[in-house]
Colleague: 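The following block contains the structure, expressed as structure tokens.
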There are 2 protein chains.
Amino acid sequence: MPPTRTAVRPSLSRELVADRALEIADTEGLESVTIRRLATELGVTPMALYWHFKTNDDLLDGLADRVLDAVELPERSGEWAADIRAALVALVTAMRPHPQAAHRVAERVMAHPKGLELTEAALSALSAAGFSPEAASYLAMQALRSAVAMVTADQVDDSGQTAEEREAHLRRKQATIASLDPAQYPAVVAHARAMTYCGDPESLFALGVDLFIAGVRGLAEGQRR
Amino acid sequence: MPPTRTAVRPSLSRELVADRALEIADTEGLESVTIRRLATELGVTPMALYWHFKTNDDLLDGLADRVLDAVELPERSGEWAADIRAALVALVTAMRPHPQAAHRVAERVMAHPKGLELTEAALSALSAAGFSPEAASYLAMQALRSAVAMVTADQVDDSGQTAEEREAHLRRKQATIASLDPAQYPAVVAHARAMTYCGDPESLFALGVDLFIAGVRGLAEGQRR
DNA sequence: ACCTGAACACCGTTCAAGT
DNA sequence: ACCTGAACACCGTTCAAGT
């Protein structure tokens, strides 16, 4: 019965495949996203995926695009600091559920309509703040990278591992730091707990945004001094 | 004549292998650093490298450590802003020749004596600035990520390619941006040139450092208000 | 201590073919 | 349009063995 064939295995689409790939990336890391692995999970031949994606790289782009698809564009207020903050928060919010994919997402920003909207908002805000095109461009890119930094801040490194592996890694790391010579690295040893466990992710997230905004504000004041 | 055997192929060492790996990473990207490829270049069996490195991951750690080895530790001045700036500049200076390895280097900072020295300087400076252990730890890590961002700023994405490929990619990107609808993305189109070509890397580098310092200074003032 | 050789289970990708 | 099958050239890694 050919009509119910889709009940057995719904035919693939670029979005469907990319979403499955994103799930793999979230749980096991980006480098677990392979054509062959993905094909097996989708119950399909590796070659089937080549109809939807040119290469494995293209697949990873598709995965990143799914994250950008979810960006909810902020409305402009006209106040430059508020606008650039809103753009930054919008991007970070979309990326937070997918820290493992963050780097890829950043690379795709200029190739995606939502990414371009965010960049547009950032650039016009920075221009309004008085920065030259060169400075504004650099700061916009730095905002992008700050967003990646915020999103990946909890996990000490973004080597793709499962959640349990990463926790174990964190514990090992804290033990290592705590066992350092306090005479040689007093501040590091004193910060062992704070460096590895983040009690309140929300407040650190806010701190990251504030840091960037404060930096831009400081530079802007210097600029027009 | 066994004594001159070393003239044909000097015996391997962890540092020698890592340095060759770093060269490959610099010219062709991190993912071109494979055990087999490296073995071929060194005129040796793939398995020979397993004597010096446990896994391919360990090899990449070794490569990153070579970058950190070259860090020249700044002397402390006692003024916190100057001290954290000096630490940031020291790290960026060491990483700049190796942008492709920057991410890996950042991950190794807490596992390397030079990295620990930098962290020690950053944490004690941030404590002196009045930040809590949690905030200081977060800002120190953000400094690290800012450093990575600065180093990789020129190359639009860090997908490992040769220098020529990256230039071509840049040109293509500029063309793409320039061909966007100016009605929809006026600021982006206006910044097409500034976004893709960086006239003076030094000044942008300075801007990145200034941005971070200004941000920390702004937060510190808010903190003790 | 330091390196070789054979083997295994992965991987991306091309080409030709099926429906 | 959408997918299969066989094949090729890579890859990391284990195990046993050589000197």
Side-chain angles (χ1 to χ4, degrees), chain A residues 1-22 24-25 27-64 100 104 107 159-162 165, chain B residues 1-22 24-25 27-64 100-101 104 159-162 165:
Chain A
M1 30 179 91
T4 57
R5 202 177 62 94
T6 56
V8 179
R9 186 184 54 67
S11 79
L12 301 177
S13 74
R14 198 177 158 92
E15 288 76 22
L16 189 149
V17 175
D19 283 339
R20 192 79 197 83
L22 188 53
I24 296 178
T27 54
E28 299 178 44
L30 256 197
E31 69 286 302
S32 293
V33 179
T34 68
I35 297 266
R36 296 185 107 107
R37 158 78 188 275
L38 194 52
T40 307
E41 287 204 12
L42 292 167
V44 100
T45 280
M47 292 312 99
L49 301 186
Y50 278 88
W51 180 259
H52 303 279
F53 301 93
K54 265 201 293 288
T55 64
N56 187 46
D57 229 61
D58 189 30
L59 169 63
L60 295 176
D61 282 347
L63 171 159
Q100 311 256 24
R104 269 279 166 173
E107 286 173 23
S159 58
Q161 305 154 320
T162 73
E165 283 175 325
Chain B
M1 25 181 92
T4 57
R5 204 174 61 93
T6 57
V8 180
R9 184 184 57 67
S11 80
L12 302 176
S13 74
R14 197 177 159 93
E15 289 75 23
L16 189 149
V17 175
D19 282 339
R20 192 79 196 82
L22 189 52
I24 296 178
T27 54
E28 299 178 44
L30 258 197
E31 70 287 302
S32 293
V33 179
T34 68
I35 297 267
R36 295 185 107 106
R37 157 79 188 275
L38 193 52
T40 308
E41 287 203 14
L42 292 167
V44 100
T45 278
M47 293 311 99
L49 301 185
Y50 279 88
W51 181 258
H52 304 278
F53 300 92
K54 265 202 292 291
T55 64
N56 187 45
D57 229 62
D58 190 30
L59 169 62
L60 295 176
D61 282 346
L63 170 158
Q100 311 256 25
R104 268 280 166 171
S159 59
Q161 304 153 323
T162 72
E165 281 174 327

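Just so you know, these numbers come straight off a predicted model, no measurement behind them. Quick note on labels: first sequence line is chain A, next is B, and so on, each numbered from 1.
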Colleague: Protein-nucleotides 7-13 of chain D N/O pairs closer than 3.5 Å?
Modeller:
from, atom 1, to, atom 2, distance (Å)
dC11(D), OP1, T34(B), OG1, 3.4
dG12(D), OP1, I35(B), N, 2.8
dG12(D), OP2, I35(B), N, 3.3
dG12(D), OP2, R36(B), N, 3.1
dG12(D), N7, R36(B), NH1, 2.5
dG12(D), O6, R36(B), NH1, 2.7
dT13(D), OP2, Y50(B), OH, 3.2
dT13(D), OP2, N56(B), N, 2.8

Colleague: Any sub-3.5 Å donor-acceptor pair from T55(A)'s side-chain atoms to D57(A)'s backbone N or O?
Modeller: yes
Colleague: In the structure I gave you, are the side-chain heavy atoms of D61(B) and F53(B) within less than 4.5 Å of one another anywhere?
Modeller: no
Colleague: Distance from M47(B) atom CE to R36(B) atom CZ, nearest 0.5 Å?
Modeller: 6.0 Å
Colleague: Keeping R14(B) on the side-chain end and H52(B) on the backbone end, is there a donor-acceptor pair under 3.5 Å?
Modeller: yes
Colleague: Quick one: which of L12(A), L38(A), V17(A) gives a side chain to side chain contact (heavy atoms under 4.5 Å, CB included) with V44(A)?
Modeller: L12(A)
Colleague: Say we look at dC2(D) and dA17(C): how far apart would their P atoms be, to the nearest angstrom?
Modeller: 22 Å
Colleague: Using atom types as modelled and distance alone, determine if a side-chain donor or acceptor of T34(B) lies under 3.5 Å from a backbone N or O of R37(B).
Modeller: yes
Colleague: Can you measure W51(B) atom CH2 to dT19(D) atom P for me and round it to whole angstrom units?
Modeller: 17 Å
Colleague: To the nearest Å, how far apart are L42(B) CG and dC3(C) C1'?
Modeller: 13 Å
Colleague: Roughly how far apart are L22(B) CG and L59(B) CG, rounded to 0.5 Å?
Modeller: 10.5 Å
Colleague: Is any side-chain heavy atom of I24(B) closer than 4.5 Å to a side-chain heavy atom of L63(B)?
Modeller: no
Colleague: Can you tell me if the side-chain N/O atoms of H52(A) get under 4.0 Å from OP1 or OP2 in dC3(D)?
Modeller: yes
Colleague: Dot-bracket, 5' to 3', for DNA chain C please: Watson-Crick or G-U pairs under 3.5 Å, [ ] where pairs cross earlier ones, | where the partner sits on another strand, dots elsewhere.
Modeller: ||.|||||...|||||.||
